[in-house]
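Worksheet: one structure, shown below.
Fair warning: this is a prediction, and the values are worked out from it, not measured in the lab. All values below were derived from every heavy atom in this structure, side-chain atoms included, with hydrogens, water molecules and symmetry-related copies excluded.
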Amino acid sequence: MQVPAHFEYEKATSVEHALALLAQWGEEARVVAGGHSLLPMMKLRLARPEALIDINDLDELAYVRLESGELRIGAMTRHVQLLQSPLVSEHYPIFIDAERVIADPIVRNRGTIGGSLCQADPSEDLSAAFSAVAATCVVQGADGVRTVPVREFHTGPYETVVQPGELLIEVRVPVRPGGGSAYEKIERRVGDWAVAAAGVALWLDGDTVTDVGIGLTAVGAEHFHAAEAEDFLRGKPATEENFVQAGTIAAENCEPSADQRGPVDYKRHLTGELTTRALRRAAARARGQEA
């Protein structure tokens, strides 16, 4: 039987209370929301926190709203809320695409946006999607609030810039006209982690790519994005030829690892193909040719 090591349990009633509990328990405390990643790791004794701080009652962090030209998503927003949000569907369908292929309804009903980002799993879907749209993370601690670009948020596998005593409280995505976005994923079976996946946010002026973000997951892309492919596309025509070339560049500049989901060459091939597909769909949406 898989049983966690002994731990203490505290239930936070507000952000301030959660921060006070984190300060009380110190570096060996962990925050739990959906728990779909942390609890299995505790059962395997890969994680052995001295205390769990339960933040499931922090409804103040569960929202999706448009404010000051940004889509603002509270860290306790459940996956299903993001999936069903009309605001998200209108401005960034990349998140609808991604949420449809994240795990299963049980996980989506309980898992949280903040939990997904803070777990920092190298195969996590939303990290790539938020990287594509150049989101900003809002982190709160005893010393106040700070903002961190999502492309600087993850410092390594299962590691982020969130320090002991801090909480991720919100993710902000700038809303800009003339754009389209999409997410493409290959998985071994429905609800599985990605073999490879690509997310794209793209803005057009006529037929010219004025700006683009490309997020990659499960293929060893630094900070979950393909900077070289983005640089190639900016200022160029939004053509199939350029999309294919951008996919090739993305594949050449990632560092996938061989594992039970496939060899390196296969994952590179998928990276190129999925990047091309996501660019194609994002451009169609920017042109109003696809919902």
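Hydrophobic clustering, with ILVMFWY side chains joined whenever heavy atoms are under 4.5 angstrom apart, keeps F224 apart from L216. Linking Ile, Leu, Val, Met, Phe, Trp and Tyr residues whenever their side-chain heavy atoms come within less than 4.5 Å places V138 and V15 in a single cluster. Both I214 and V219 are members of a single hydrophobic cluster when ILVMFWY side chains are connected at heavy-atom separations under 4.5 Å. Both L82 and I94 sit in one connected hydrophobic cluster of ILVMFWY residues. Membership requires side-chain heavy atoms under 4.5 Å apart, directly or through other members. Under the 4.5 Å side-chain heavy-atom criterion for Ile, Leu, Val, Met, Phe, Trp and Tyr, L126 and I96 are members of the same hydrophobic cluster.
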*Take E67 and R172, measure what salt bridge (charged side-chain N to carboxylate O under 4.0 Å, His left out) needs, and give me the verdict at the end.*
CA-CA 9 Å; E67 184 178 324; R172 299 174 179 174; over 6 Å; no
*Verify side-chain contact (heavy atoms from CB on, under 4.5 Å) between R30 and F7, making sure each step is shown before the conclusion.*
CA-CA 10 Å; R30 294 292 182 271; F7 62 91; over 6 Å; no
*side-chain contact (heavy atoms from CB on, under 4.5 Å) between V148 and V162: does it pass, once the steps are laid out?*
CA-CA 10 Å; V148 182; V162 179; over 6 Å; no
*Give the intermediate values and the outcome of side-chain contact (heavy atoms from CB on, under 4.5 Å) for residues V88 and L71.*
CA-CA 8 Å; V88 172; L71 193 62; 4.0 Å; yes
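Residues Y266 and I186 are in side-chain contact: their nearest non-hydrogen atoms beyond the backbone lie under 4.5 Å apart. Within the 4.5 Å cutoff, no side-chain heavy atoms of L204 are placed close to those of T210. Taking the side chain as every heavy atom from C-beta outward, L233 and I249 never approach each other to under 4.5 Å. Residues D57 and K11 form a side-chain contact, since some pair of their non-hydrogen atoms from C-beta on lies under 4.5 Å apart. A 4.5 Å side-chain heavy-atom check between C118 and F153 finds at least one atom pair inside the cut-off. Residues T136 and E70 fail the side-chain proximity criterion, which asks for heavy atoms closer than 4.5 Å. The side-chain heavy atoms of P49 and M42, taken from C-beta on, include a pair separated by under 4.5 Å. Contact of the L39 side chain with the L52 side chain is registered, since non-hydrogen atoms from C-beta on lie closer than 4.5 Å.
Taken to the nearest 0.5 Å, the CD atom of E170 stands 9.0 Å off from the OG1 atom of T77. Expressed to the nearest 0.5 Å, how far CD of E50 lies from CD of E27 amounts to 10.5 Å. For the atom pair CG (N253) and CZ (R268), the distance works out to 8.5 Å, reported to the nearest 0.5 Å. The distance from atom OG1 of T239 to atom CZ of R280, rounded to the nearest 0.5 Å, is 11.5 Å. Atoms CD1 and CG, on I113 and L168 in that order, are 10.5 Å from each other to the nearest 0.5 Å. To the nearest 0.5 Å, atoms CG (L87) and CD1 (I73) are separated by 9.5 Å.
Within 6.0 Å of CD in E222 there are 12 or fewer heavy atoms belonging to other residues, nucleotides or ligands. Dense packing is recorded around CG of L46, with more than 12 heavy atoms of other residues, nucleotides or ligands lying under 6.0 Å away. The number of heavy-atom neighbours closer than 6.0 Å to CG of D104, taken from other residues, nucleotides and ligands shown, is above 12. In D231, the CG atom is crowded: over 12 heavy atoms of neighbouring residues, nucleotides or ligands sit closer than 6.0 Å. Counting non-hydrogen atoms of neighbouring residues, nucleotides and ligands closer than 6.0 angstrom, the CD atom of E241 reaches no more than 12 such neighbours. For D192, the CG atom sits in a packed shell: over 12 heavy atoms of surrounding residues, nucleotides or ligands are nearer than 6.0 Å.
In this structure, T217 contributes its side chain and E124 its backbone to a donor-acceptor pair below 3.5 Å. No donor-acceptor pair closer than 3.5 Å links the side chain of T275 to the backbone N or O of G272. E184 contributes no side-chain N or O that, together with a main-chain N or O of A198, makes up a donor-acceptor pair within less than 3.5 Å. E273 contributes no side-chain N or O that, together with a main-chain N or O of L270, makes up a donor-acceptor pair within less than 3.5 Å. The backbone N or O of S181 sits less than 3.5 Å from a side-chain atom of R285, completing a donor-acceptor pair. Between the side chain of D54 and the backbone N or O of E10 there is no donor-acceptor pair closer than 3.5 Å. Side chain of H79 to main chain of R108: no donor-acceptor pair is present (N/O by atom type, distance under 3.5 Å, no hydrogens or angles). Counting only distance, with no hydrogens or angles, the side chain of T208 and the backbone of G235 share no donor-acceptor pair below 3.5 Å. Side chain of N242 to main chain of P237: a donor-acceptor pair is present (N/O by atom type, distance under 3.5 Å, no hydrogens or angles). Side chain of R234 to backbone of V212: a donor-acceptor contact under 3.5 angstrom is found.
Evaluation of the ring-ring contact (aromatic ring centres under 6.0 Å, His included) test over residues 160-193, restricted to residues two or more places apart or in two chains, returns none. Among pairs with a residue in residues 8-61, none fulfils ring-ring contact (aromatic ring centres under 6.0 Å, His included), at least two apart in sequence or across chains.
When all heavy atoms of A29 and I53 are compared, the closest pair comes out as CB-CG1, 4.4 Å. Taking each heavy atom of A182 and A282 in turn, the nearest pair found is CB-N, 3.9 Å. Annotation for C137 and L117: closest pair SG-CD1, 4.5 Å, computed over non-hydrogen atoms. In this structure, A278 and V200 approach most closely via the heavy-atom pair CB-CG2, 3.6 Å. Of all the heavy atoms in V195 and R261, the pair that sits closest is CG1-O, 3.6 Å. Nearest heavy atom pair, residue L19 against residue Q140, reads CD2-O, 3.6 Å.
Ion pairing between E187 and R189 fails under the 4.0 Å rule for side-chain N and carboxylate O. Using a 4.0 Å cut-off between a side-chain N of Lys or Arg and a carboxylate O of Asp or Glu, R151 and E230 qualify as a salt bridge. Ionic pairing of D97 and K185 is not present here: no N-O contact between side-chain nitrogen and carboxylate oxygen is shorter than 4.0 angstrom.
Using a 3.5 Å distance cut-off with no hydrogens or angles, the side chains of H154 and E152 do not pair a donor with an acceptor.
Between W203 and Y92, the ring-plane angle classifies as perpendicular under the 30° and 60° cut-offs.
The side-chain hydrogen bond (donor to acceptor under 3.5 Å, both in side chains) test applied to S14 returns no partner, not counting sequence neighbours. By the side-chain hydrogen bond (donor to acceptor under 3.5 Å, both in side chains) test, E252 is found to be paired with no residue, residues two or more places apart in sequence or in another chain being considered. Contacts of H225 classified as ring-ring contact (aromatic ring centres under 6.0 Å, His included), with partners at least two apart in sequence or in another chain: none. With sequence neighbours left out, the side-chain hydrogen bond (donor to acceptor under 3.5 Å, both in side chains) criterion links Q245 to no other residue.
Taking the six-membered ring for Trp and the full ring otherwise, the centers of F130 and F95 sit less than 6.0 Å from each other.
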